**Student:** 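Right, I'll just put the structure down here and ask away after.
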Amino acid sequence: MDILIIMAAGMVAGRFAVPEAFRPINSRLQTLCTCLLIGAMGASIGSEEGFVESVVAWGGASAVLCLLPTACSVALVYLLTKRLLGDAESASVNTSVRENAATGGARPRFCIDGMALAALVMLAVGIALGVAAPNSPLVAVLGHLSEPVLWVLMALVGVGVGMHRGLLASIREHHIKTLVIPLGVVAGSLVGGIVAAPLIGLDVREGMAAASGLGWYSLAGVQLESMVGAQLGGVAFLANLMREIGSFFCIPWIARHLNGYACIAAAAATSEDTTLPMMIRYTDERCVVYSFINGVVCSALVPVLITLCVG
């Protein structure tokens, strides 16, 4: 609820008080906050007891349970939004993507995007710090900073959304259609879990349960560990962690080759917070709002879906 209030306040400020000249500064501040959050996330992950052993033991199964649900979600959301939200919106999003790419300057075709590279570096540094010194004061400070930095980021996101004129009229136009995206994310993830389960020796219900984490790795891991066992909990933790991390690096490609709504599917439940800056960078403000709605809906559904699958 706090995040919703902060983002709403930012939207009001962006709509009525913030000058257009603040837009590039806002973008840079969002990048800074994102890098800090990713570093803190890496430190938190690395400091988890048994993290290295879990990666070694369950990495392959987790990778399959990450790739297939993500791919199915992206494909289904792309098809549904293209059909139900119309080509006009997709064209608008793709125009924004081309404009953002042009603003970033010409880059070699296979060059890693600067934002993605910064995210990778900060994640690696954070994980290394967490593994090497899990009880260090720096790791503790990063943990305490995560929430206030997230609040600042959400305020900045709200400002960016509020500066986009005509956005609310667009949302009113589509209203219930915005729920097409989370429904596609959930359905695609469950299908991916069903396909992945026999490939890695899991029961179909277990595969669906792990895929139902929708990128919320901490909740999925803890809930499945308590309901089923440590192995499925570890696999679900890593699979959903990979989904969150992987979304940072596949969003640029998805935005350029599919549409902005498919980017939301890759991020799943994380689209309301940690991956939201990537949406801002590679899509448009309309997709940012849909992304936030999707994240809220998916996050609410995660514990329900897991319980239905294995309860």
Side-chain angles (χ1 to χ4, degrees), residues 1-5 7 41 58 61-62 64-77 80-81 84 150 154 175-198 200 202-247 261-276 279 289-311:
M1 181 60 68
D2 290 342
I3 289 178
L4 287 172
I5 295 172
M7 187 173 180
M41 180 181 73
W58 302 319
S62 298
V64 174
L65 267 173
C66 165
L67 293 173
L68 288 177
T70 302
C72 290
S73 292
V74 169
L76 184 56
V77 168
L80 287 174
T81 55
L84 298 177
L150 179 60
M154 290 301 100
H175 50 277
I176 196 66
K177 288 184 180 180
T178 59
L179 296 179
V180 166
I181 298 173
L183 289 174
V185 170
V186 169
S189 296
L190 292 176
V191 170
I194 292 171
V195 175
I200 56 177
L202 290 180
D203 179 78
V204 170
R205 292 197 307 159
E206 292 177 340
M208 292 173 65
S212 295
L214 305 178
W216 193 350
Y217 59 89
S218 56
L219 177 62
V222 170
Q223 187 173 351
L224 283 171
E225 182 178 8
S226 65
M227 295 181 69
V228 180
Q231 180 173 348
L232 185 60
V235 170
F237 174 87
L238 286 176
N240 287 283
L241 173 61
M242 290 176 183
R243 182 164 188 170
E244 177 170 342
I245 295 171
S247 64
Y261 306 115
C263 298
I264 301 173
T270 70
S271 67
E272 68 172 311
D273 42 49
T274 52
T275 55
L276 199 57
M279 304 298 174
V289 174
Y290 290 175
S291 177
F292 187 83
I293 294 171
N294 172 80
V296 171
V297 174
C298 287
S299 296
L301 289 176
V302 167
V304 177
L305 291 170
I306 291 175
T307 302
L308 289 175
C309 288
V310 296

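For the single chain, residues carry numbers from 1 onward in sequence order. Values below: all heavy atoms of this structure, side chains included; hydrogens, waters and symmetry mates excluded. These numbers were taken from a predicted model, which means no experiment stands behind them.
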**Student:** Any side-chain heavy atom of Ile194 sitting closer than 4.5 Å to one from Met208?
**Tutor:** yes

**Student:** Tell me the closest heavy-atom pair linking Gly193 and Ala211, and the distance in Å.
**Tutor:** CA-CB, 3.9 Å

**Student:** Answer whether the closest heavy-atom distance between the side chains of Tyr217 and Leu238 falls below 4.5 Å.
**Tutor:** no

**Student:** Before giving the answer on side chain to side chain contact (heavy atoms under 4.5 Å, CB included), spell out for Val228 and Glu206 the whole-Å C-alpha distance, their side-chain angles and the decisive distance to 0.1 Å.
**Tutor:** CA-CA 9 Å; Val228 180; Glu206 292 177 340; 3.9 Å; yes

**Student:** Could you tell me whether the side chain of Asn240 and the main chain of Ala220 form a donor-acceptor pair under 3.5 Å?
**Tutor:** no

**Student:** How long is the span from the CG atom in Leu301 to the OG atom in Ser212, to the nearest 0.5 Å?
**Tutor:** 9.5 Å

**Student:** Show the numbers, then the answer: is there a side chain to side chain contact (heavy atoms under 4.5 Å, CB included) between Leu232 and Glu225?
**Tutor:** CA-CA 6 Å; Leu232 185 60; Glu225 182 178 8; over 6 Å; no

**Student:** With heavy-atom distances below 4.5 Å as the criterion, would you say the side chains of Arg243 and Ser73 are in contact?
**Tutor:** yes

**Student:** What's the separation between atom CZ in Phe292 and atom CD1 in Ile264, rounded to the nearest 0.5 Å?
**Tutor:** 12.5 Å

**Student:** How far does CD1 of Ile306 sit from CG of Leu224, to the nearest 0.5 angstrom?
**Tutor:** 5.0 Å

**Student:** Between atom SG of Cys298 and atom CD1 of Ile293, what is the distance when rounded to the nearest 0.5 Å?
**Tutor:** 11.5 Å

**Student:** Would you name the heavy atoms of Cys66 and Ala239 that are closest together and state the gap between them?
**Tutor:** CB-O, 3.5 Å

**Student:** Is a donor on one side and an acceptor on the other found under 3.5 Å between the side chain of Ser271 and the backbone of Ser291?
**Tutor:** yes

**Student:** So does Pro303 get a backbone contact from the side chain of Gln223, meaning a donor-acceptor N/O pair under 3.5 Å?
**Tutor:** yes

**Student:** Considering non-hydrogen atoms only, spot the tightest contact between Gly207 and Leu65 and give its length.
**Tutor:** O-CD2, 3.8 Å

**Student:** Could you tell me which non-hydrogen atom of Ala267 sits nearest to which non-hydrogen atom of Thr275, and how far apart they are?
**Tutor:** CB-OG1, 3.2 Å

**Student:** Please check if the side chain of Asn294 supplies one atom and the backbone of Ala268 the other of a donor-acceptor pair under 3.5 Å.
**Tutor:** yes

**Student:** State the CG-CG distance between Leu190 and Leu76, to the nearest 0.5 angstrom.
**Tutor:** 10.5 Å

**Student:** I want to check something: taking the side chain as every heavy atom from C-beta on, are Leu214 and Leu305 in contact at a cut-off of under 4.5 Å?
**Tutor:** yes

**Student:** Are Cys309 and Met227 close enough, and set up right, to give a side chain to side chain contact (heavy atoms under 4.5 Å, CB included), and what steps lead you there?
**Tutor:** CA-CA 11 Å; Cys309 288; Met227 295 181 69; over 6 Å; no

**Student:** Counting only N and O atoms by type, is there a donor-acceptor contact under 3.5 Å from the side chain of Ser247 to the main-chain atoms of Glu244?
**Tutor:** yes

**Student:** Considering all heavy atoms of both residues, which atom of Val191 and which atom of Cys72 are nearest to each other, and what is their separation?
**Tutor:** CG1-SG, 4.3 Å

**Student:** List the atom of Ala196, the atom of Val64, and the distance in Å for their closest heavy-atom pair.
**Tutor:** CB-CG1, 3.8 Å

**Student:** State, yes or no, whether a side-chain contact exists between Val186 and Pro182 at a heavy-atom distance under 4.5 Å.
**Tutor:** no

